[in-house]
There are 2 protein chains.
Amino acid sequence: MEPLNPRIKPVRMGRRKIVIQRIDNVTSRQITFSKRRNGLLKKARELAILCDAEVGMIIFSSTGRLNEFASTWLDSTS
Amino acid sequence: MEPLNPRIKPVRMGRRKIVIQRIDNVTSRQITFSKRRNGLLKKARELAILCDAEVGMIIFSSTGRLNEFASTWLDSTS
DNA sequence: ACACCTATGTATAAACC
DNA sequence: TGGTTTATACATAGGTG
């Protein structure tokens, strides 16, 4: 490792372990919500395709915004 | 690597990359369904707790079996 | 609020029990 | 059918732009 020199940028911290409990900081909570919602929807899609299952999901964010996903039979676009 | 000797157990394959498409083999599909359904439900719970969100999910397996999850307001046990 | 980055934790495909 | 193990792929926290 290089010696700590204040003129040199600090190294990235990388990921930290978290505990599953409500995130108090509003900004962090919204960021985490956005990321994890996308991950959850992706996994729902994968489950539906891989396993030929029907999956429906509705998510209300803490601000009241609605997100939904349906693999097939509730999908009005099909 | 060791040479292939039939008297020696083959090494574990570990995980392989998969393509997201319907799993044809019924047994594999059911095993994958069981594992991924559990993973999906866990992530739904985490999202609800971490981000103070409301999440509802229903899953029908290809054999018609129903699984459901609701973080709060549809939960008759609360 | 969104996209990208990367170190690190988590999910999971195969195999075996 | 469900649990365990292990190697590897994937998700993601924290940071930056």
Side-chain angles (χ1 to χ4, degrees), chain A residues 1-69 71, chain B residues 1-69 71:
Chain A
M1 296 291 288
E2 295 290 331
L4 291 178
N5 183 324
R7 292 180 301 176
I8 295 180
K9 286 186 185 176
V11 295
R12 292 174 180 283
M13 295 299 290
R15 177 188 188 178
R16 188 185 308 171
K17 186 175 176 65
I18 63 159
V19 178
I20 302 301
Q21 58 186 11
R22 183 175 182 281
I23 298 170
D24 287 323
N25 183 277
V26 180
T27 304
S28 299
R29 192 167 67 234
Q30 289 180 339
I31 291 172
T32 296
F33 175 78
S34 174
K35 290 180 176 179
R36 281 178 171 260
R37 177 204 54 204
N38 291 342
L40 191 64
L41 291 172
K42 182 180 178 185
K43 285 205 168 282
R45 268 192 296 276
E46 291 181 351
L47 179 67
I49 295 171
L50 285 171
C51 305
D52 200 24
E54 306 270 27
V55 181
M57 183 157 47
I58 48 181
I59 308 171
F60 284 97
S61 73
S62 58
T63 60
R65 203 180 290 273
L66 170 65
N67 298 268
E68 56 181 318
F69 167 74
S71 59
Chain B
M1 294 291 289
E2 295 290 331
L4 293 178
N5 182 325
R7 291 179 305 175
I8 294 182
K9 285 186 185 176
V11 295
R12 291 177 180 279
M13 295 300 291
R15 178 183 189 183
R16 189 182 307 172
K17 185 175 177 65
I18 62 159
V19 177
I20 303 301
Q21 59 185 12
R22 183 174 182 280
I23 298 170
D24 287 322
N25 183 276
V26 179
T27 304
S28 299
R29 191 166 68 234
Q30 290 179 337
I31 291 172
T32 295
F33 176 78
S34 173
K35 289 179 176 178
R36 281 180 171 258
R37 177 204 53 206
N38 291 342
L40 191 64
L41 293 171
K42 181 180 179 186
K43 286 204 167 283
R45 268 192 297 273
E46 292 181 351
L47 179 67
I49 295 172
L50 285 170
C51 305
D52 200 25
E54 307 270 29
V55 181
M57 183 157 45
I58 50 180
I59 307 171
F60 285 98
S61 73
S62 58
T63 60
R65 204 179 290 273
L66 170 65
N67 298 267
E68 56 181 316
F69 166 74
S71 60

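Just so you know, these numbers come straight off a predicted model, no measurement behind them. Numbers restart at 1 for each chain; the letters A, B, ... are given by sequence-line order, proteins then strands. All heavy atoms count here, side chains included; hydrogens, waters and symmetry mates do not.
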Rounded interatomic separation in angstrom, taking CD1 from A:Ile23 and C1' from D:dA13: 9 Å
For A:Thr32, answer base if it contacts any base atom (sugar-phosphate contacts may also be present), sugar-phosphate if it contacts only those atoms, and nothing otherwise; contact means non-hydrogen atoms under 4.0 Å. sugar-phosphate
Using atom CG of B:Leu50 as one end and atom P of D:dA13 as the other, report the distance to the nearest whole Å. 7 Å
Phosphate contact (C:dT10 OP1 or OP2) by B:Lys43 side-chain N/O below 4.0 Å: no
Give the rounded distance in Å between these two atoms: CD of A:Glu46 and C1' of D:dC10. 9 Å
How long is the line joining CZ of B:Arg29 and P of D:dT1, in whole Å? 13 Å
Between B:Arg29 and A:Leu50 (side chain of the first, backbone of the second, donor and acceptor by atom type, cut-off under 3.5 Å), is there such a pair? no
What are the two closest heavy atoms between A:Phe33 and B:Ala53, and how far apart are they? CE1-CB, 3.8 Å
How many Å lie between CZ on A:Arg65 and C1' on C:dA1, as a whole number? 10 Å
On a heavy-atom basis, the closest approach of B:Phe69 and B:Ala44 is CE2-CB, 3.7 Å
Atom CG of A:Leu40 and atom P of C:dT10: how far apart are they, to the nearest Å? 17 Å
Closest to side chain of A:Lys17, choosing from C:dA11, C:dG9, C:dA1: C:dG9
Counting heavy atoms not belonging to A:Arg22, are there more than 12 under 6.0 Å from its CZ? yes
Between B:Asn25 and B:Ser28, which heavy-atom pair has the shortest distance, and what is it? OD1-N, 2.8 Å
Can you find an N or O donor on one side and an acceptor on the other, under 3.5 Å apart, linking the side chain of B:Lys35 with the base of D:dG3? no
Could you state the CD-P distance from B:Gln30 to D:dT1, rounded to the nearest angstrom? 6 Å
Nearest-Å distance for atom pair CZ/P, residues B:Arg36 and C:dT10: 18 Å
Assign each of B:Asn38 and A:Ser28 the nucleotide of DNA chain D bearing its closest heavy atom; nearer the 5' end lies the nucleotide of B:Asn38
A:Lys42, nearest nucleotide to its side chain (from D:dA11, C:dT12, C:dA11): D:dA11
Side chain of B:Arg16 (C-beta onward), nearest among D:dT12, D:dA11, C:dA13: C:dA13
Among D:dA13, D:dT1, C:dA11, which nucleotide sits nearest the side chain of A:Ile18? D:dA13
